[in-house]
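Worksheet for the structure shown next.
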Amino acid sequence: MSVLKSFIAGQWVGDKAAKALPSAVNGQIVAHTHDDTLDFKKAVEYGRKVGGKNLMAMDFQERALALKAMAMYLQEHKKELYALSMHTGSSKGDNGIDIDGGFGTLFSYASMGRRELPSGNVVHEGPVTPLGKNNHFAGTHILVPRGGVAVHIDAYNFPVWGMLEKFAPTFLAGMPSIVKPATSTCYVTELAVRLMQESGALPEGSLQLIIGSTGDLFDHLEEQDVVTFTGSAATARKLRNHPNIINRSIPFNAEADSLNSAILAPDVTPEHEEFDIFVKEVGREMTAKAGQKCTAIRRVLVPKSQVDAVCDKLKERLSKVTVGDPSVEGVRMGALASVDQLEDVKTNIQELLKTSELVTGGNGDFKPTGEGTEKGAFIEPHLLLCRNPENGCGAHDIEAFGPVATVIPYDTVEDAVALCAQGRGSLVTTLTTRDPVTAGKIAPLLAAFHGRLHLLDAEAAKESTGHGSPLPMLKHGGPGRAGGGEELGGIRAVHHYLQRTAIQGSPSMLAAVTREYVRGADLIETEVHPFRRHFEDLQINESLLTHRRTVTEADIVNFGCLSGDHFYMHFDEIAARDSQFGKRIAHGYFVLSAAAGLFVYPGEGPVLANYGLDTLRFIEPVAPGDTIRARLTCKRKIDQGRTSPDGHPQGVVVWDVQVHNQNDEMVASYDILTLVAKKPE
Ligand code: NDP
C-alpha cells in the first residue's frame, strides 16, 4: 500500500495511511495520503532559514541555470509522470498540457531569467530621476528578495504545471516555496517533487511539499511571506480572510473559477473559414482536460441568426469525441479528476438546465470506453443552449467544472460585450472575427474585465496556441470572479516575489546600491582603456573621456554618400534653413559612428562583439563646425555563465555613452551592449 509523503524540513514525512486516492479511470486505489501530523512552524522556519540562505547564496543568473537543469532532469523522466498522471483521468493530450506545459514553463523562466535579470540579487528598475537641480540627489527603484517563504496552494486539475508555474518565478526571485497540491491528484505532484529533488539542482530548503491539510500553517506566516492560491472562489475567500493574512498584510494572489467565453462576431457566417475555426476552438476547449481548465470556455456567445448553425456544428463535432480510459487507443477525452467532481458537475448541469435546454449530452446511454471504467469519473460533453438570456441565464453564475458549455444568443456586438461582462471578470475570452475594425472596437471593451484576449481569425489560427493555454510570457489571471490575481506574464511574475523599494540618495550611493552606473556618480578613470579589460577586471563606473572631433561638411557629404541617406536636412541648404534647426545638420547615425570612432580601442582585446544599442536619443543637433566628444562608462555587468561559440567564457557588459558638444550640451545618449571575454584560465 503506497503512502505518499510530505517533504518537510529536508525530510520525507509520512508512514501511516490516511485517505485512499482512487484512480479517476477505474476506481482502483493509486495511493494514500499520510496520517502524520506536520510541524508547520518548523517548515516555515526551515524554509526561511535554510532555503532562503541557500537561495541567496546564488544569484538570479545561477538560479536560472538551476531551473534549466531541473527542467532537463524532469524531461528525462517524463514517462514516469505520464504513466501516473493517467490515473487523474488525463489523456495523452492533457498530459501534454500539464506535464510538458510545466516543463516548458520551467525552461521559459530559465531563459527569461538569463536574458532579463541581472547578476547579483538586486534588480534595478529605472529610470533614475534627478530630484535636485544640480544632480546631487536622485531617486530610483530596486527590487530585492523578500526573505520569506511562498506558500503555493494548487488545484487538482494541473498537478504538475500548477506547481511549476508558481515555483519557477518564486525560485528565480530567491524565495523558498512550500507547495500544497490538491489532495485528489497530489500523487503526481509528489512524484514531480521527488524528481526535482533527485535532479541535484534544487538547493536544500528551496522546495517543501505538503500532502494533505495545511493545518496551522497560516498561523505561522509572517509579513515577508506570500500566499498564492488556485481553486474555488469559496476557498480563496476563506483563505484570504484568514486573520493572520489580514493582520500581517501578507500578499495573497488568487486564481479562482472563471466563466470564460468565446464570442463569434456578426461578420462571421458559416461559409467563412473562421466559422469552423470557432467551432473547433469551442469543441477543443470543452473537451481538453475534460473541461477541467480554469480557462475553459463556459459561455459561447453567438449572433441570434447563427445559433442553430453553431449548435448543429458543435453537436456534430462533440459526437465524434470518444470518452473513456485514456490508455485505450482512440480515446480523446478522459475522466474528471474524481467521483466527487463528477457529482458536482452533474449537480451544476441540473442548475444550468433551469435556464437552458440540452443540445447534446445527458441522454442516458453514455458508456465510457475501456475496462473498469464504470467506476471511473466519466461524463460525456454537454452542450446547453440558453435561448432567452434576457430572462436570466445560469451560465453567467454557475461553473460546471467539466466538459460543459452554454450557447447564448446576442443581438449586437455591444450586447455580446454586456453579456460577457455578466461573468463578473474572467481569465480569457476568444473573439472570432474577420474584421480588424470590430476587433479594434470591441477588444478594449472586453479587456476591462478579462485577463487575456485571444483574437482568432484564419491567419492567427495557423499558429494559435489556443484559447485555453496560459503562456509563460503572457499574464494569466483575471479580475473579479477570476480571483483578481496575476501570474506568469514573463519576468513580471518574478517581481511578485520581490519587494519593490524606492531609493533616494546621491548618484554615487545609488550606483553602489543598484550596481549600475548612475549619471553623476564618481567615475573611475585609469590609464587603461576600459575595452582592454577582461570581464572580471572591469568595474562599474570605470570610464573613458575621449579626445574631440570637429564635424565638417565633408563628414556629412561622405556619410550621406556612404549610407545613401540624402535627407534634405543634411543636403538641402534652403530647406534646412526653413527647418526648426535653421541650418544643415549631421546625420544622427553619423554622430553615433563618429562617437564609436572616438571611444573604441582599435586593437585586439577582450571586447568580442557589440550586439546592440538601447535607449538611444539624439538630444541636440550637430552641425558642421561643432566639436563633439564622447564619454564611455561601464554601466552594468551580467555574468550569464555563457561561452563564445569557440568555447571562451564571456559576460555581457552594458556601457553608458554620452556625446557632448563644445558647449557641454549633450547631443546623444545611449547604452551599448557588448560581449566581453573573461580572463584566460
Ligand atoms: P478548492 O478550492 O476546494 O481546492 C483548491 C485547493 O485549496 C486544494 O489544494 C485544496 O486542498 C485547498 N484547500 C481547500 N480548502 C483549504 C483550506 N481550508 N486551507 C488550505 N487549503 C485548502 O477547489 P477544488 O479543488 O475542490 O475544486 C472546486 C471547484 O473549484 C471546481 O469544481 C472548480 O469550480 C473550481 N476550480 C477552479 C480552478 C481554477 O483554476 N480557477 C481549478 C480547480 C478548481 P484539498 O484538495 O486538500 O482540499
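Whatever order the structure lists ligands and atoms in, that order sets their numbers, starting from 1.
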**Study point:** Trace of the ring pair (Phe, Tyr, Trp, His ring centres under 6.0 Å) decision for F252 with H496
**Key:** CA-CA 10 Å; F252 185 92; H496 296 156; over 10 Å; no
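Listed by atom number, the atoms of ligand 1 under 4.0 Å from A256 heavy atoms are 41 (N). Near G231, the atoms of ligand 1 lying under 4.0 angstrom from a non-hydrogen atom of the residue are 2 (O), 5 (C), 30 (O), 36 (N), 37 (C), 38 (C), 41 (N). Every atom of ligand 1 is numbered from 1 in the order shown, and the set under 4.0 Å from a heavy atom of A182 is 8 (C), 9 (O), 46 (O). Residue K238 has at least one heavy-atom neighbour below 4.0 Å for each of these atoms of ligand 1: 18 (N).
At a heavy-atom distance under 4.0 Å, no atom of A233 approaches ligand 1.
In terms of protein heavy-atom proximity, atom 39 (C) of ligand 1 is closest to C294 CB, 3.1 Å. Q341 OE1, 3.2 Å is the protein heavy atom nearest to atom 32 (O) of ligand 1. When only non-hydrogen protein atoms are considered, atom 42 (C) of ligand 1 lies nearest to A155 CB, 3.2 Å. Here the heavy atom of the protein found nearest to atom 16 (C) of ligand 1 is T235 CG2, 3.6 Å. For atom 34 (O) of ligand 1, the nearest non-hydrogen atom of the protein is E399 OE1, 2.5 Å. In terms of protein heavy-atom proximity, atom 5 (C) of ligand 1 is closest to T230 O, 3.6 Å. For atom 25 (O) of ligand 1, the nearest protein heavy atom (residue, atom name, distance) is Y156 CD2, 3.0 Å. Looking from atom 8 (C) of ligand 1 to the surrounding protein, the closest heavy atom is D154 O, 3.2 Å.
At least one N or O atom of T183 sits closer than 3.5 Å to an N or O atom of ligand 1. Checked by distance only, ligand 1 and N157 stay at 3.5 Å or farther apart across all their nitrogen or oxygen atoms. Between S184 and ligand 1, no N or O atom pair is found at a separation short of 3.5 Å. The shortest N or O to N or O distance between I153 and ligand 1 is not below 3.5 Å. An N or O contact shorter than 3.5 Å is missing between S258 and ligand 1 by distance.
S464 contributes no side-chain N or O that, together with a main-chain N or O of A460, makes up a donor-acceptor pair within less than 3.5 Å.
The nearest pair of heavy atoms linking E487 to E165 is OE1-OE2, 2.7 Å. Looking at every heavy atom in both residues, S90 comes nearest to K289 through OG-NZ, 3.1 Å. Contact record, M70 with S199: CG-OG, 3.6 Å, taken as the closest heavy-atom pair.
Put simply, part of P181 is less than 4.0 Å from ligand 1, judged by heavy atoms. In this structure, F218 does not count as a contact residue of ligand 1, since none of its heavy atoms falls inside 4.0 Å of the ligand. Distances shorter than 4.0 angstrom do not occur between any heavy atom of Q292 and any atom of ligand 1.
Note: F167 and F171 have tilted aromatic rings, judged against thresholds of 30 and 60 degrees for the angle between ring planes.
Here L207 contributes atom CG and L209 contributes atom CG; the two are 7.0 Å apart, rounded to the nearest 0.5 Å.
Using modelled atom types and a 3.5 Å distance limit, the side chains of S6 and H34 yield a donor-acceptor pair. With no hydrogens or angles considered, no side-chain donor-acceptor pair links H32 and S2 at under 3.5 Å. In this model, no donor atom of one side chain and acceptor atom of the other lie less than 3.5 Å apart for S232 and D257. Counting only N and O atoms by type, the side chains of D100 and Y82 include a donor and acceptor under 3.5 Å apart.
Judged as a side chain to side chain donor-acceptor pair (under 3.5 Å), and not counting sequence neighbours, Q197 has no contacts.
Atom 1 (P) of ligand 1 is flagged as protein-proximal [any protein heavy atom, distance under 4.0 Å].
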Show the atom names and distances, to 0.1 Å, of all donor-acceptor pairs under 3.5 Å that link a side chain in residues 42-52 to residues at least two apart or in another chain.
unit_1 : atom_1 : unit_2 : atom_2 : d
E45    : OE2    : K41    : NZ     : 3.2
Y46    : OH     : E204   : OE2    : 2.7
R48    : NE     : D225   : OD1    : 3.3
R48    : NH2    : H220   : O      : 3.1
R48    : NH2    : D225   : OD2    : 2.7

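For the side-chain hydrogen bond (donor to acceptor under 3.5 Å, both in side chains) with H396, the lone residue among R299, R424, R481 that qualifies is R299.
When the heavy atoms of G483, A482, S232, G212 are ranked by distance to atom 23 (O) of ligand 1, first place goes to S232.
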